[in-house]
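Notes to accompany the following structure.
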Amino acid sequence: MSKHIETQDRFDLSRRGLMKATGVAVAAMSLIPAVAATEALAQTAEWDKTFPKSDKVDHQKVSFKNRYGITLAGDLYLPKERGNGKLAAIVISGPFGAVKEQSSGLYAQTMAERGFATLAFDPSYTGESGGEPRNIASPDINTEDFSAAVDFIGLRPEVDRERIGVIGVCGWGGMALNAVAVDKRVKAVVASTMYDMTRVMSKGYNDSVTLEQRTQTLEQLSRQRWVDAEIGTPAYQAAYNAEVGPDAPQFMVDYHDYYSTPRGYHKRAVNSGNAWSQTTPISFMNMPILTYIAEISPRPVLLIHGEKAHSRYFSETAFEAAAEPKELMIIPDANHTDLYDRVDKIPFDRMAEFFGQHLA
């Protein structure tokens with residue numbers, strides 16, 4: 001049976017504030033100076049996470065290839081007290097524009113403390129993962145990244161490959177749902193503070209972009225391809241979250257307070273003062289990734305969102321489109337970024353219970 005745990009009516013933002021932050025509006029800007037892209041690095045040996053290392057888990061740097069031959073970098077977490085039996089496993093990525101040293105790593109380490117083998121990974125073209133040019137996203141390739149992570153963890157000797165789940169955070173929540181719809185090896189999926197990036201890039205926040213605006217954006221993105229092709233390298237958008245103005249909507253302030261302060265800053269994260277390429281939105285504009293969300297059934301879906309999150313409607317409409325069994329859990333008094341790292345608000349106990357039941 002489905003559950004919908006809710007506390008108040010939908011939290012709305014003004015159209016003006018939304019359009020300031022929508023990916024479509026950013027993509028449509030012309031003459032934006034290029035921002036240097038972060039480079040793929042040999043994986044660092046030191047602990048460079050935004051969260052403290054747990055003494056309850058073993059941590060190991062790993063790498064694996066996806067179906068397109070791109071090498072992905074990951075962090076494998078195993079509970080220290082794991083006995084001799086094979087473990088249920090969870091692969092984790094997100095948020096969109098983040099790296100595994102941030103939110104996904106926190107989720108992975110915390111779930112490993114609760115007895116799961118977990119893998120947090122950097123998506124293709126970002127962080128320590130491979131792929132050129134840098135800071136590019138693709139709804140197809142990034143969906144594949146989740147399945148490649150399932151390939152990898154399912155071959156680990158510590159793992160029972162018939163007991164694998166997925167967690168996607170923010171924009172990678174949508175990718176996770178898309179991946180699980182097609183990858184029948186995955187037995188359960190959680191999407192936390194989920195964005196459907198194809199929806200927001202093609203339609204703007206709250207689907208506010210008109211056909212005329214969409215057409216103008218595509219005209220500019222299409223012509224930007226000639227500029228990039230002539231130069232031989234992509235132009236990049238303005239730096240993300242480098243600063244916020246006095247008129248910025250609250251959710252942009254929240255992003256800045258996570259990505260650009262000691263709370264969540266990481267030099268390799270696209271969102272920590274780096275940028276996506278200007279043409280990144282092209283592949284998102286006509287590829288709705290949640291078209292087949294109902295085909296996750298009969299495997300269970302748990303959607304988690306903050307009561308006060310500007311993005312809450314993404315999980316609500318995904319919940320409506322998903323088939324049983326499904327659950328929508330609304331976290332009281334939480335905004336979008338609270339579910340990145342606020343351990344007092346992220347429902348880790350509920351997630352452990354969910355996966356404990358469905359990966360049994």
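Side-chain atoms are counted along with the backbone in the values below, which use heavy atoms only and exclude waters and symmetry mates.
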Candidate pair Y68 and D140, rule side chain to side chain donor-acceptor pair (under 3.5 Å), full reasoning: CA-CA 11 Å; Y68 296 107; D140 176 29; 2.7 Å; yes
All heavy atoms of I304 vs all of M351, minimum pair found to be CD1-CG, 3.8 Å
ask   = Just by distance, with hydrogens left out, do S311 and H305 show a side-chain donor and acceptor under 3.5 Å apart?
value = yes
Between S192 and L339, is there a side-chain heavy-atom distance shorter than 4.5 Å? yes
Atom pairs and distances, side-chain donor-acceptor, residues 280-292, under 3.5 Å, sequence neighbours left out:
residue : atom : partner : partner atom : Å
T280    : OG1  : S277    : O            : 3.4
T280    : OG1  : S277    : OG           : 2.8
T291    : OG1  : P288    : O            : 2.8

May I ask you to test the T126-I136 pair for a side-chain heavy-atom distance under 4.5 Å?
no
message = Quick check: W276 with Y236 (ring centres under 6.0 Å apart)?
response = no
Looking only at side-chain N and O atoms, does T279 offer a donor or acceptor that is under 3.5 Å from a partner on Q224? no
Test item: side-chain donor near acceptor, D254 and Y340, under 3.5 Å: no
### Message
Hydrophobic clusters here meaning ILVMFWY residues chained together by side-chain heavy-atom distances under 4.5 Å, can you tell me if V270 and Y125 are in one?
### Response
yes
Ring centres under 6.0 Å, that's the criterion: do F251 and Y205 meet it?
yes
Pairwise side-chain contact, L359 with I164, heavy-atom cut-off 4.5 Å (strictly under): no
message = Main chain of T261, side chain of H256: is a donor-acceptor contact present, judged purely on distance under 3.5 Å?
response = no
What I want to find out is whether E307 reaches R312 closely enough, with some N-O distance under 4.0 Å, to be called a salt bridge. no
* Asked: Does the side-chain contact (heavy atoms from CB on, under 4.5 Å) test come out yes or no for V169 and T193, once each step is laid out?
  -> CA-CA 6 Å; V169 183; T193 197; 4.0 Å; yes
NE2 (H266) and OG (S260) are apart, to the nearest 0.5 Å, by 13.5 Å
Rounding to 0.5 Å, atoms CG (D228) and CD (Q278) come to a distance of 7.0 Å
Quick one: sort the Y195 and H336 rings into parallel, tilted or perpendicular, breaks at 30° and 60°. perpendicular
Legend entry - pair M329-P347: side-chain heavy atoms closer than 4.5 Å: yes
When rounded to the nearest 0.5 Å, the distance separating CE of M175 from CD of E144 is 12.5 Å
Decide yes or no for N135 and N274: does some side-chain heavy atom of the first lie under 4.5 Å from some side-chain heavy atom of the second?
yes
Hits for side-chain hydrogen bond (donor to acceptor under 3.5 Å, both in side chains) against D160, two or more places apart or cross-chain, chain-then-number order -> none
In short, salt bridge (charged side-chain N to carboxylate O under 4.0 Å, His left out) pairs touching residues 173-183 with sequence neighbours left out are D183-R185
Cluster membership besides L211, Ile/Leu/Val/Met/Phe/Trp/Tyr side chains within less than 4.5 angstrom, sorted by chain and number, is none
- Query: Any chain of hydrophobic side-chain contacts (each under 4.5 Å) joining L87 to V186?
  - Reply: yes
query = Taking a hydrophobic cluster as the set of Ile, Leu, Val, Met, Phe, Trp and Tyr residues connected by side-chain heavy atoms closer than 4.5 Å, whether directly or through intermediates, do M194 and I293 fall within one such cluster?
reply = yes
Distance col, row N335:CG vs Y258:OH, nearest 0.5 angstrom, shows 12.5 Å
Q.
What I'd like to find out is whether the side chain of E128 reaches to under 4.5 Å of the side chain of S63, using heavy atoms alone.
A. no
Assess, by modelled atom type and distance only, whether the side chains of S124 and D145 contain a donor and an acceptor separated by less than 3.5 Å.
yes
Quiz item: Should we count CH2 of W47 as having more than 12 external heavy atoms under 6.0 Å?
Solution: yes
Strictly distance-based, threshold 3.5 Å: is any side-chain N or O of Q109 a donor or acceptor partner for the main-chain N or O of P52? yes
Ignoring hydrogens and geometry, is there a side-chain-to-backbone donor-acceptor pair from R114 to E353 under 3.5 Å?
-> no
Inset, instruction - Take R299 and V180 through the side-chain contact (heavy atoms from CB on, under 4.5 Å) test and state the conclusion after the steps. - result: CA-CA 9 Å; R299 297 162 297 157; V180 175; 3.5 Å; yes
Can you confirm whether L78 sits close enough to E158 that some side-chain heavy atom of one is under 4.5 Å from a side-chain heavy atom of the other? yes
Is the centre of the F348 ring less than 6.0 Å from the centre of the Y107 ring? yes
Tightest non-hydrogen contact, residues V159 and A89, listed as CG1-CB, 3.7 Å
Closer than 3.5 angstrom, by distance alone: can the side chain of D122 be matched with the main-chain N or O of A73 as a donor-acceptor pair?
no
Would you say L76 and R156 make side-chain contact, with heavy atoms under 4.5 Å?
yes
Handout entry: Ring centroid separation F152 to F121 under 6.0 Å
Key = no
Q. With under 30° as parallel and over 60° as perpendicular, where do the rings of Y255 and Y259 fit, or are they tilted in between?
A. tilted
Here the pair of heavy atoms bringing G131 nearest to I70 is N-CG2, 3.9 Å
Contacts of T118 meeting side-chain contact (heavy atoms from CB on, under 4.5 Å) (sequence neighbours excluded), chain-then-number -> Y77, I90, I92, A108, M111, A112, F116
Here the pair of heavy atoms bringing G74 nearest to Q43 is O-OE1, 3.6 Å
Under 4.0 Å between a Lys/Arg side-chain N and an Asp/Glu carboxylate O for K267 and D48? no
- prompt: What do the steps show when you test V209 against T217 for side-chain contact (heavy atoms from CB on, under 4.5 Å), and what is the final call?
  reply: CA-CA 10 Å; V209 167; T217 295; 6.0 Å; no
Heavy-atom nearest pair, S208 first then Q213, reads O-OE1, 3.8 Å
When every non-hydrogen atom of F354 is compared with those of A188, the smallest separation belongs to CE2-CB, 3.7 Å
Notebook entry, point to check: Salt bridge between R263 and D257, side-chain N to carboxylate O under 4.0 Å?
Noted result: no
Margin query: Run I167 and V189 through side-chain contact (heavy atoms from CB on, under 4.5 Å) and show every step you take.
Written below: CA-CA 6 Å; I167 298 175; V189 57; over 6 Å; no
>> Can you confirm whether the side chains of D196 and T198 place a donor and an acceptor under 3.5 Å from each other?
In response: yes
key: Under-4.0 Å salt bridge between E324 and K326   = no
In this structure, CD of E243 is separated from CE of M252 (nearest 0.5 Å) by 10.0 Å
d(Q220 CD, L218 CG) to nearest 0.5 Å is 10.0 Å
So the side chain to side chain donor-acceptor pair (under 3.5 Å) pairs with at least one residue in residues 79-91 (sequence neighbours excluded) are D58-K80, D58-R82
Review point. With a 3.5 Å cut-off and no angle check, do the side chains of T143 and N178 form a donor-acceptor pair?
Key: yes
Under 3.5 Å, is there a donor-acceptor pair linking the side chains of T317 and R199? yes
Q) Salt bridge between K49 and D75, side-chain N to carboxylate O under 4.0 Å? A) yes
